[in-house]
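What follows is a single structure, written as structure tokens, with notes after it.
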Amino acid sequence: MEKQLEVSELSNSIRHLSSDKVKSALLVNTVVRGKMSSVLRSLKFIEVPPVIYSQITDPLNHPVDDPRFTYGGVEYSLTKSMIFHKQLLVKNFPRIFTFSPNVRLETAEKAKTGRHLTEFTQLDLEVRDATREDVMKIAESLIRESVLEVKLFYPEILEKRKNVIDIPSAHFRKYRYSDLRDKYGKDFEMETSSREKQPFWIVDIPLTEREFYDREDENEPGILKDMDLIYPEGYGEGISGGEREYLPERILERIKAKGQAPSQFRIFTEASSMGLVPSAGFGIGIERFIRYICGYERIEDVHPFPKIPGESSL
Ligand code: AMP
Ligand code: MG
């Protein structure tokens, strides 16, 4: 007999979904999704529907269990991110976004971070012929406009979030990955996150630290034209993105350099031979953004039905 929720766990789940924290988070969720959509629409983006399962999904750069199933004799995986679908779409639709539900069955110890769920939503976007810097500007405006909208509609939620209220109107600070690592060592990301008062960027991440699809800097071999946005006050990473590799021979080289089997990505490498276009994009985790705005210690308080790594959930 497989495990099911115990009665006590079920009543905890039901109590959780009606808590004040979840209520505030859902108000912020409504404002954030609405504002981000309207900002993107005003920038001439079109919204595409999410892909829930596919024969190809993001390999990620860290181990997770893979929820696979067979249907009609074909093997599918639940979406971990829509990176490949975005690269295919952007050829025909130069500015796209989607609210993409992702399933990543993270290892149980990830529950300790307070910022990992096994089911979450990314606002995932991609822009044809764009540079990293172009999409960084879009990200800054999504964050800033959303915060201003929350301030307008629900100032009481931001009462104790002085640094969020003071979100800068100028560009966010930018650090090079290697500079932070040299200064603070292995835990540089969380160390810097704890020290800073405002969101900041980490750029120029080494190729070994990322998946094969981010584009290498032609002027700096081994370094990618990519970026992460980190929330301050210890809230950690909120966005990952960058310019994408689109040349079929380089995509293949990068898959091999990672020690991955090209057969695993056959559909994508074949599609790349049919022609991809230069693009840049990113994904912003909605739950992590709401957690930061609300100032919650744990990400599960953002979601009425949180899926916590390693735990049984409703
Ligand atoms: P990635 O490209 O893998 O960095 O994912 C894009 C964004 O999705 C991250 O920057 C986070 O905001 C969010 N994200 C990734 N994994 C999780 C997770 N397990 N739980 C909640 N949010 C996540
Ligand atoms: Mg990331």
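Both ligands and their constituent atoms are indexed starting at 1 by order of listing.
Between the side chain of Arg95 and the main chain of Leu40, no donor-acceptor pair closer than 3.5 Å is present. Thr79 contributes no side-chain N or O that, together with a main-chain N or O of Ser81, makes up a donor-acceptor pair within less than 3.5 Å. At distances below 3.5 Å, not a single donor-acceptor pair connects side-chain atoms of Arg244 with backbone N or O atoms of Ala280.
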Starting from the N and O atoms of ligand 1, collect every protein N/O partner closer than 3.5 Å and put each pair on its own line with the distance to 0.1 Å.
residue: ligand 1; atom: 3 (O); partner: Arg104; partner atom: NH1; Å: 2.7
residue: ligand 1; atom: 3 (O); partner: Arg104; partner atom: NH2; Å: 3.3
residue: ligand 1; atom: 4 (O); partner: Glu237; partner atom: OE2; Å: 3.1
residue: ligand 1; atom: 4 (O); partner: Ser240; partner atom: OG; Å: 2.9
residue: ligand 1; atom: 10 (O); partner: Glu237; partner atom: OE2; Å: 2.4
residue: ligand 1; atom: 10 (O); partner: Gly238; partner atom: O; Å: 3.3
residue: ligand 1; atom: 10 (O); partner: Ile239; partner atom: N; Å: 3.3
residue: ligand 1; atom: 12 (O); partner: Gly238; partner atom: O; Å: 2.8
residue: ligand 1; atom: 12 (O); partner: Gly285; partner atom: N; Å: 3.1
residue: ligand 1; atom: 16 (N); partner: Arg104; partner atom: NH1; Å: 3.3
residue: ligand 1; atom: 19 (N); partner: Glu106; partner atom: OE2; Å: 2.8
residue: ligand 1; atom: 19 (N); partner: Leu117; partner atom: O; Å: 2.8
residue: ligand 1; atom: 20 (N); partner: Leu117; partner atom: N; Å: 2.9
residue: ligand 1; atom: 20 (N); partner: Leu117; partner atom: O; Å: 3.4
residue: ligand 1; atom: 22 (N); partner: Arg288; partner atom: NE; Å: 3.4

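Annotation: side chain to side chain donor-acceptor pair (under 3.5 Å) contacts of Tyr175 (sequence neighbours excluded): Arg173, Glu196.
In this structure, the ring of Tyr71 has its center no less than 6.0 angstrom from the ring center of Tyr53. With ring centers used as reference points, Phe172 lies 6.0 Å or more from Phe200.
Taking backbone and side chain together, Glu237 holds an N, O or S atom under 2.8 Å from the Mg ion (ligand 2).
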